[in-house]
Amino acid sequence: MFLAPRHRGGRVPVACDGTSSLGHVVESLGVPLPEVGSLTVNGRPVVAGYRLNGGDVAGVGAMRRPQRLPSARFLLDVHLGALARRLRLVGVDAAYANDLDDDTLIERANAGRRVLLTQDRGLLRRRKLWLGAYVRGARPDEQLHDVMDRFAPPLAPWTRCTACNGLLSPVNKADVEQLLPPGTRRTYQVFSRCAACGRIYWRGAHSKRLGPIVESAIRAAAAAGHPGGE
């Protein structure tokens, strides 16, 4: 998907200058290195820094799925706010702010050892970025399925604040009753509160709309290799 249409479906001839690394050549063709899995030259495994010679035949494989991570923690770029809310809904640690420039995104991803999720190929080619991933799909539900399929993160639905990413804890109704709308006070008995921002949650009518999103994510994560839905 990253290659120009004329380069799809077969071998791609490239000029060899004797100094460019294989990784540089791959990215010059439009493929960010975080999307690359195996690299071979003439059938032998090599690293991205390998320098190509005339006549070499390089093989470039896609990143294998599910991609295992030391910790399933993510940072999303400014264009993926809806995906961030969905990831939080299913309990995935997903940091997001809509006012961060590229340099700040990379700094925060590196400092927090978070995988930077983006649809900006140029951002993924930045050498300073420790780890990133291209998110496939135009709609948030498609994007969520792609993240589940790629990383199969452990899921814990309904345990994170969709507004700020904080963790939710059970709270007594009496402790929050004065903050609730009258209809909610009469109808619901079970509540949670975000430890970070104080927002209050309950399983109201909106859960009928959000439930299918959660169930779809659990199925996608399970199919990719993790049971999910803890």
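What you see below is based on every heavy atom in this structure, not just the backbone, and it leaves out hydrogens, waters and symmetry mates.
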Greater than 12 external heavy atoms within 6.0 Å of R8's CZ:
yes

Within a reach of under 6.0 Å around CZ of R125, are more than 12 heavy atoms found that belong to other residues, nucleotides or ligands?
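More than 12 within 6.0 Å, yes.
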
If we only count heavy atoms from C-beta on, is the [X] to [Y] side-chain gap below 4.5 Å?
X: L131; Y: L69; value: yes
X: L116; Y: L105; value: yes
X: R113; Y: L75; value: no
X: L100; Y: R108; value: yes
X: D77; Y: D102; value: no
X: L180; Y: F191; value: yes
X: V57; Y: R11; value: yes
X: I200; Y: L179; value: yes

What's the separation between atom [atom1] in [X] and atom [atom2] in [Y], rounded to the nearest 0.5 Å?
X: L39; Y: R44; atom1: CG; atom2: CZ; result: 12.5 Å
X: L117; Y: Y134; atom1: CG; atom2: OH; result: 12.5 Å
X: N42; Y: N53; atom1: CG; atom2: CG; result: 9.0 Å
X: C161; Y: R199; atom1: SG; atom2: CZ; result: 6.0 Å
X: I106; Y: L123; atom1: CD1; atom2: CG; result: 5.0 Å

Hydrophobic clusters join Ile, Leu, Val, Met, Phe, Trp and Tyr when side-chain heavy atoms are under 4.5 Å apart, directly or via other members; which others share one with Y201?
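ILVMFWY cluster around Y201 also holds L168.
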
Side-chain hydrophobic cluster, 4.5 Å single linkage: members besides L167:
none

Identify, with sequence neighbours excluded, every residue that meets side chain to side chain contact (heavy atoms under 4.5 Å, CB included) alongside [X].
X: A111; answer: none
X: D175; answer: V171, N172
X: S38; answer: none

Can I get a per-line list of side-chain donor-acceptor pairs under 3.5 Å for residues 202-221, giving both atom names and the distance, sequence neighbours left out?
residue : atom : partner : partner atom : Å
H206    : NE2  : W202    : O            : 3.2
S207    : OG   : G204    : O            : 2.7

Nearest heavy-atom neighbours spanning [X] and [Y]:
X: A156; Y: T159; result: O-OG1, 2.5 Å
X: P32; Y: L124; result: CB-CB, 3.7 Å
X: C16; Y: G54; result: SG-N, 3.7 Å
X: P153; Y: A72; result: CB-CB, 3.9 Å

Quick one: do R114 and D93 make a salt bridge, cutoff under 4.0 Å?
yes

Salt bridge present between K128 and D103 (N-O < 4.0 angstrom):
no

Quick check on the hydrophobic clustering: are [X] and [Y] connected, directly or via other members, by side-chain heavy-atom contacts under 4.5 Å?
X: L144; Y: Y96; answer: yes
X: L52; Y: V60; answer: yes
X: M63; Y: V135; answer: no
X: M1; Y: V31; answer: yes
X: V36; Y: W130; answer: no

Please enumerate all residues that pass salt bridge (Lys or Arg N to Asp or Glu O under 4.0 Å) together with [X], with sequence neighbours excluded.
X: R64; result: none
X: D56; result: none
X: D120; result: none
X: R150; result: E35

Check whether the ring centres of F151 and F74 lie less than 6.0 Å apart, and answer yes or no.
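So the answer is yes for these two rings.
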
Is there a donor-acceptor pair under 3.5 Å between the side chain of [X] and the backbone N or O of [Y]?
X: D149; Y: A152; result: no
X: N98; Y: V78; result: no
X: Q143; Y: L83; result: no
X: R88; Y: A163; result: yes
X: N165; Y: A94; result: yes

Starting from the C-alpha separation in whole Å, work towards a yes-or-no answer on side chain to side chain contact (heavy atoms under 4.5 Å, CB included) for R86 and L80.
CA-CA 10 Å; R86 282 165 170 75; L80 296 176; over 6 Å; no

Name the atoms and distances for all side-chain donor-acceptor pairs under 3.5 Å in residues 21-30, with sequence neighbours left out.
residue : atom : partner : partner atom : Å
S21     : OG   : H24     : N            : 3.1
E27     : OE1  : R127    : NH1          : 2.8
E27     : OE1  : R127    : NH2          : 3.3
E27     : OE2  : L33     : N            : 3.0
S28     : OG   : V25     : O            : 2.6

Could you name each residue pair satisfying side-chain hydrogen bond (donor to acceptor under 3.5 Å, both in side chains) that touches residues 184-198, not counting sequence neighbours?
K173-Q189

